[in-house]
Each structure stands twice: as C-alpha cells, then as structure tokens.
Engineer: 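Dropping a structure here in structure tokens format, bear with me for questions.
Starting from 1, each residue takes its place in the sequence as its number. Just so you know, ligand 1 is whichever comes first in the structure, and atom 1 is the first atom listed for that ligand.
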Amino acid sequence: MKWPKGVTIKEVGPRDGLQNEKTFISTEDKITWINQLSESGLKHIEITSFVNPKWIPALSDATAVVTGITKVPGVTYTALVPNLYGLERAFQANIDEVAVFMSASETHNLKNINKSIDQTFPVLRDLVRETISAGKISRGYVSTVFGCPYEGHVDIDSVIRVSDRLFEMGIAELSLGDTIGVANPKQVQEVLEVLLKRFPADKLAMHFHDTRGSALANILISLEMGITIFDSSLGGLGGCPYAPGASGNVATDDLLYMLHGMGIHTGVDQNKLLHASQFIQEKIGRTLPSKSFQAASSGMGGKLGKTV
Ligand code: HMG
Ligand code: MG
C-alpha cells in the first residue's frame, strides 16, 4: 500500500465543534482555546461563523473571537460565511479565509440556509467574487454528499452539479461533507472515483462526521485514493444543528494517532493538543467523544507521540 508522506489537517472544532453545543462557551474561553490550537502546529483553523446569530447562538460572538485571538504567522484562520452581510462582518474582523457552504440535497440546503439550491448559487457566486477581489482565499463546502437526513440517498449527479458550480465560482478547494456520518469506505471510493475524474486530488478535502464510527475507515480509503486534506474537530466535538442526529467530526486526536502511527507527517504536536482537549472538555462539562484522548487522559498506553 502506498500512503502519502504527509497530510494537511484543517481543524474545524471552534466552528463545527462548538456550533451545536448547548453550553455557551464564553468568548474568553474560545479565544484561549483557539490560541492553544494555534500553538500546536496546526496551519488551518476554522474559528467561527458569521451566520445569523438567531440560527447559531453558540457563535454569536464571532467578531470578538476573530479580533481577540493572537494570530500566529503561518496559520490561516477561516470563518464560515453564508451571505454578503456575513462577509461584511467577516472582513471587518479581518478574517484570512472565507468558507462558503451549501448542500447537495434540496431539503438540507433549505433547512440549513433557508434557500433552494438554485437560489443559493448567485449568493455564493457574489461571496466568492468579493472574497477573491479582497485578496482572500475562498473555500467551499458541499454538505450531504453521502446522504441527507431528510431525503436519504443523494444522487452523485447532484454532488457533481454543486461541485462544478462552486469551482466555476473560483473556490480554491472543496470540502466534501458527510454531514450525518453515514458514509462507508466503498461508497467513499465510488464517489471519489467519479469526482477525481473532474477535479484534482489536491483541490478536494474530506469532512467526515463520525456519527456511526466509520470516519477513520473512510479517511483511510480517501488516503488510498490520493486525498491529503482532512477536516477534523478536536475531541470529536461537533454537528450541524440542521441535520438531526448529526454528531461530531472525526476527532483530530484520533486522526493524529492513526496518521502518526502510520508515519504520515502532519506537523502537529499531539501533546500540545492533549492540553487543548483537556481545556475544552472542562469548559463543555462532558466527556469528549475522542477515544485516543480518553485513553491518553486516563494514562492508558503511555504518553502520546510527538509531532511526526
Ligand atoms: P434568513 O433568515 O433567510 O436571512 O437566513 P434573511 O436574509 O431573510 O435575514 C433575516 C435576518 O437575519 C435579518 O435580521 C438579517 O439581518 C439577519 P432581522 O432583520 O430579522 O433582525 N442575517 C444575519 N445576521 C448576521 N449575520 C448574517 C446574517 N444574514 C442574515 N450573515 C441565513 C439565512 C443563511 C443567514 C441563515 O439561514 C443562517 O444563518 N444559516 C446558517 C446555518 C448554519 O450555520 N448551519 C451550520 C453550518 S453548516 C454545517 O455545519 C455543515 C458543514 O460543517 C459541512 C458538513 O458537515 O457537511 C459546513
Ligand atoms: Mg460539518
């Protein structure tokens, strides 16, 4: 088997991880946590979203978070943005990168952003254009690639249609979302076989939620298919409030444990992240889902490895 020498991890915990939490994490604690993440070797951190705070109250302090963190040179800080009003707020806070998002399935798109797929295209086209003309990077997400909480099966043609349009708009990279964690490795292989005929591997990222415990298996097959960018969330926090039953992303801790064990370089220091996981677990007030974090914090298996 031929594995890549290194992969890029895009930490989404402060956004995807916190957006669905019932406990409001104070702005000060969010900032402390993001600063810890910034010092771990992670180069990409999605730190908040500039959406309607009535829809996502957990991230209503987006401006204070972006302006309050200590930016580390070489780290790209991203925020999720749904429309031009959100973009204005994100620019005022001087965000580095803007992530736009929509779904491959109509019902999830409507529930999540209150628009049909066709109504969403012009909104995102304007967003991407304005982002690029401001000299910033635009990242795209397509949700429900592997299944929709409302419609079930999602046709690959719908995924292709949305992906084509997002790339035509000028996004730098597309993250393929298994929003409700239903994918299996065979399905991932089939979807990637189709998409990799249209888009280069280095423009695709995988965003697996771990609802059913198959995220690491899905990452392994994605690695085999040539994908080297993965979104993950520290401790396994997360979920989409408009996707019933969705739980957290694959835990960054578990992903690092697997990759470093395989000798795949990430540049991230697991021990530094261990402290960041401990910090956010205390603030959230419940046990984090990450298995390797729980094993490490209970002293099982000795010390975690260092940066590989
Ligand atoms: P809407 O209600 O249709 O918006 O929401 P509107 O344009 O009709 O405006 C209604 C009100 O919202 C107005 O205020 C606007 O000012 C305000 P009012 O006059 O009522 O006082 N508003 C805003 N306020 C702050 N920032 C904004 C903004 N826009 C409007 N940007 C909207 C449309 C898209 C805004 C709404 O549906 C929304 O915020 N949705 C976001 C939902 C969300 O964040 N979901 C989770 C993230 S997606 C995800 O988790 C999936 C992902 O992880 C990948 C995967 O796992 O698959 C990315
Ligand atoms: Mg997500």
Engineer: Does the protein put a heavy atom under 4.0 Å from atom 40 (N) of ligand 1?
Structural biologist: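 When distances to the protein are checked, atom 40 (N) of ligand 1 has a heavy atom within 4.0 Å.
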Engineer: What I want to check is whether the side chains of Asp178 and His207 have a donor and an acceptor closer together than 3.5 Å.
Structural biologist: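 On atom types as modelled, these side chains do not qualify, holding no pair under 3.5 Å.
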Engineer: Taking Glu21 first and then Arg286, would you say they form a salt bridge - that is, a charged N and a carboxylate O separated by under 4.0 Å?
Structural biologist: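 Here Glu21 pairs with Arg286 in a salt bridge, since their nearest N and O are under 4.0 Å apart.
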Engineer: Does the distance from a Lys or Arg side-chain N to an Asp or Glu carboxylate O, for Lys186 and Glu190, drop under 4.0 Å?
Structural biologist: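 Salt bridge: yes.
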Engineer: Taking 4.0 angstrom as the limit and counting only heavy atoms of Phe101, give me the atoms of ligand 1 inside it, by number and element.
Structural biologist: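 Under 4.0 Å from Phe101, ligand 1 has these atoms: 48 (S).
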Engineer: Does ligand 1 come near enough to Tyr141 that some N or O of the ligand is less than 3.5 Å from an N or O of the residue?
Structural biologist: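 No, there is no polar N/O contact under 3.5 Å.
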Engineer: Which heavy atom of Thr144 sits nearest to which heavy atom of Ser105, and what is that distance?
Structural biologist: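 Shortest heavy-atom contact: OG1-OG, 2.9 Å.
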Engineer: Any cation-pi pair here, Lys203 with Phe167, using under 6.0 Å and within 45°?
Structural biologist: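 Because its charged atom misses either the 6.0 Å distance or the 45° angle limit, Lys203 does not stack over Phe167.
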Engineer: Any non-hydrogen protein atom below 4.0 Å of atom 37 (O) of ligand 1?
Structural biologist: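 It does: a protein heavy atom is found less than 4.0 Å away from atom 37 (O) of ligand 1.
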Engineer: Within ligand 1, which atoms have a heavy atom of Gly86 less than 4.0 Å away?
Structural biologist: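 Numbered from 1, ligand 1 contributes 31 (N).
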Engineer: Any salt bridge linking Arg161 with Asp155? Criterion: basic side-chain nitrogen under 4.0 Å from a carboxylate oxygen.
Structural biologist: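 A salt bridge is absent here (no side-chain N lies under 4.0 Å from a carboxylate O).
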Engineer: Between Asp231 and Arg139, does any NZ, NE, NH1 or NH2 come within less than 4.0 Å of an OD or OE carboxylate oxygen?
Structural biologist: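 A salt bridge links Arg139 with Asp231.
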Engineer: About how large, to 10 degrees, is the angle NE2 of His209, then the Mg ion (ligand 2), then NE2 of His207?
Structural biologist: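 Reported to 10°, the angle equals 90°.
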Engineer: Starting from atom 55 (C) of ligand 1, which protein heavy atom do you reach first, and at what distance in Å?
Structural biologist: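 Closest protein heavy atom to atom 55 (C) of ligand 1: Ser143 OG, 3.4 Å.
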Engineer: Considering all protein heavy atoms, does one lie under 4.0 Å from atom 16 (O) of ligand 1?
Structural biologist: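 Flag for atom 16 (O) of ligand 1 set to true, protein heavy atom closer than 4.0 Å.
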Engineer: Looking only at N, O or S atoms, which one in Asp16 sits nearest to the Mg ion (ligand 2)?
Structural biologist: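 The nearest such atom is OD2.
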Engineer: Taking the six-membered ring of Phe24, is the NZ or CZ of Lys30 close enough (under 6.0 Å from the centre) and on axis enough (within 45°)?
Structural biologist: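 Yes - Lys30 lies over the ring of Phe24, closer than 6.0 Å to its centre and within 45° of its axis.
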Engineer: Establish whether atom 13 (C) of ligand 1 and some protein heavy atom are separated by less than 4.0 angstrom.
Structural biologist: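 So far as the 4.0 Å threshold goes, atom 13 (C) of ligand 1 is out of reach of every protein heavy atom.
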Engineer: Evaluating non-hydrogen atoms only, which member of Val142, Leu59, Ile113 is closest to atom 32 (C) of ligand 1?
Structural biologist: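 Shortest heavy-atom distance from atom 32 (C) of ligand 1: Ile113.
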Engineer: Got a donor-acceptor contact below 3.5 angstrom from the Asp210 side chain to the Ala215 backbone?
Structural biologist: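 Confirmed, Asp210 side chain pairs with Ala215 backbone.
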Engineer: Using a strict 4.0 Å threshold on nitrogen-to-oxygen distance, state whether Lys291 and Asp253 make a salt bridge.
Structural biologist: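 No salt bridge links Lys291 with Asp253.
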Engineer: So does Asp231 have any N/O/S atom less than 2.8 Å away from the Mg ion (ligand 2)?
Structural biologist: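 Asp231 does not place any N, O or S atom closer than 2.8 Å to the Mg ion (ligand 2).
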Engineer: Is it the side chain, the backbone, both or neither of Ile56 that has a heavy atom closer than 4.0 Å to ligand 1?
Structural biologist: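 The answer is the side chain of Ile56.
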Engineer: I want to check something: taking the side chain as every heavy atom from C-beta on, are Ser38 and Thr70 in contact at a cut-off of under 4.5 Å?
Structural biologist: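 Side-chain contact under 4.5 Å: no.
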Engineer: So do the side chains of Glu46 and Lys10 get within less than 4.5 Å of each other, counting heavy atoms only?
Structural biologist: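 Counting from C-beta outward, Glu46 and Lys10 never come under 4.5 Å.
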Engineer: Indicate whether atom 26 (N) of ligand 1 is within a distance of less than 4.0 angstrom of some protein heavy atom.
Structural biologist: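 When distances to the protein are checked, atom 26 (N) of ligand 1 has a heavy atom within 4.0 Å.
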Engineer: Looking only at protein heavy atoms, which one is nearest to atom 29 (N) of ligand 1, and what is the separation?
Structural biologist: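 In this structure, atom 29 (N) of ligand 1 has Asn83 ND2, 2.8 Å as its nearest protein heavy atom.
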Engineer: Can you find an N/O atom of Gln19 closer than 3.5 Å to an N/O atom of ligand 1?
Structural biologist: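 Yes, Gln19 has an N/O under 3.5 Å of an N/O on ligand 1.
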Engineer: With a 4.0 Å cut-off on N to O distance, would you call Lys283 and Glu28 a salt bridge?
Structural biologist: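 No, this pair does not count.
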Engineer: Side chain, backbone, both or neither: which part of Pro82 has a heavy atom under 4.0 Å from ligand 1?
Structural biologist: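 The part of Pro82 near ligand 1 is the side chain, not the backbone.
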Engineer: If you count the atoms of ligand 1 from 1 in the order shown, which ones are under 4.0 Å from a heavy atom of His209?
Structural biologist: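 Checking each atom against His209, I get 56 (O).
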Engineer: What is the minimum heavy-atom distance between Val51 and Arg89, and which atoms define it?
Structural biologist: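 Of all heavy-atom pairs spanning Val51 and Arg89, the closest is O-NH1, 3.1 Å.
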Engineer: Measure from NZ or CZ of Arg15 to the centre of the six-membered ring of Tyr141, then state whether that distance is under 6.0 Å and the direction lies within 45° of the axis.
Structural biologist: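 Yes, cation above the ring, under 6.0 Å and within 45°.
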Engineer: Polar contacts were defined as any N/O atom of the residue lying under 3.5 Å from an N/O atom of the ligand; does this apply to Tyr85 and ligand 1?
Structural biologist: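 No.
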Engineer: Give me the residue, atom name and distance of the protein heavy atom closest to atom 10 (C) of ligand 1.
Structural biologist: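 The answer is Asn52 ND2, 4.2 Å.
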Engineer: Which is it for Thr179 and ligand 1 at heavy atoms under 4.0 Å: side chain, backbone, both or neither?
Structural biologist: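 Under 4.0 Å from ligand 1, Thr179 contributes backbone and side-chain atoms.
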Engineer: Flag Tyr242 as yes when one of its N or O atoms lies below 3.5 Å from any N or O atom of ligand 1, and as no otherwise.
Structural biologist: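 No; every N/O pair is 3.5 Å or more apart.
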Engineer: Out of Asn112, Asn249, Asn114, who gets a non-hydrogen atom closest to atom 45 (N) of ligand 1?
Structural biologist: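 Heavy atom nearest to atom 45 (N) of ligand 1 belongs to Asn112.
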Engineer: Considering only protein heavy atoms, which is closest to atom 18 (P) of ligand 1, and at what distance to one decimal place?
Structural biologist: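 The protein heavy atom lying closest is Lys54 NZ, 4.3 Å.
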Engineer: Quick check, are the ring centers of Tyr242 and His108 under 6.0 angstrom apart?
Structural biologist: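 No - the distance between ring centres of Tyr242 and His108 does not fall below the 6.0 Å cut-off.
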Engineer: Is atom 6 (P) of ligand 1 less than 4.0 angstrom from at least one protein heavy atom?
Structural biologist: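 It does not; no protein heavy atom is within 4.0 Å.
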Engineer: Looking only at distance, does Ser49 have an N or O less than 3.5 Å from an N or O of ligand 1?
Structural biologist: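 N/O-N/O distance below 3.5 Å does not exist for this pair.
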Engineer: Under 4.0 Å from any heavy atom of Arg15, which atoms of ligand 1 are there?
Structural biologist: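 Here the atoms of ligand 1 in question are 47 (C), 49 (C), 50 (O), 52 (C), 53 (O), 58 (C).
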Engineer: Side chain, backbone, both or neither: which applies to Val81 and ligand 1 if a contact is any heavy-atom pair less than 4.0 Å apart?
Structural biologist: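 The answer is neither; Val81 stays 4.0 Å or more away.
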Engineer: For ligand 1, find out whether one of its N or O atoms is nearer than 3.5 Å to an N or O atom of Val51.
Structural biologist: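 Yes - when backbone and side-chain N and O of Val51 are compared with those of ligand 1, one distance drops under 3.5 Å.
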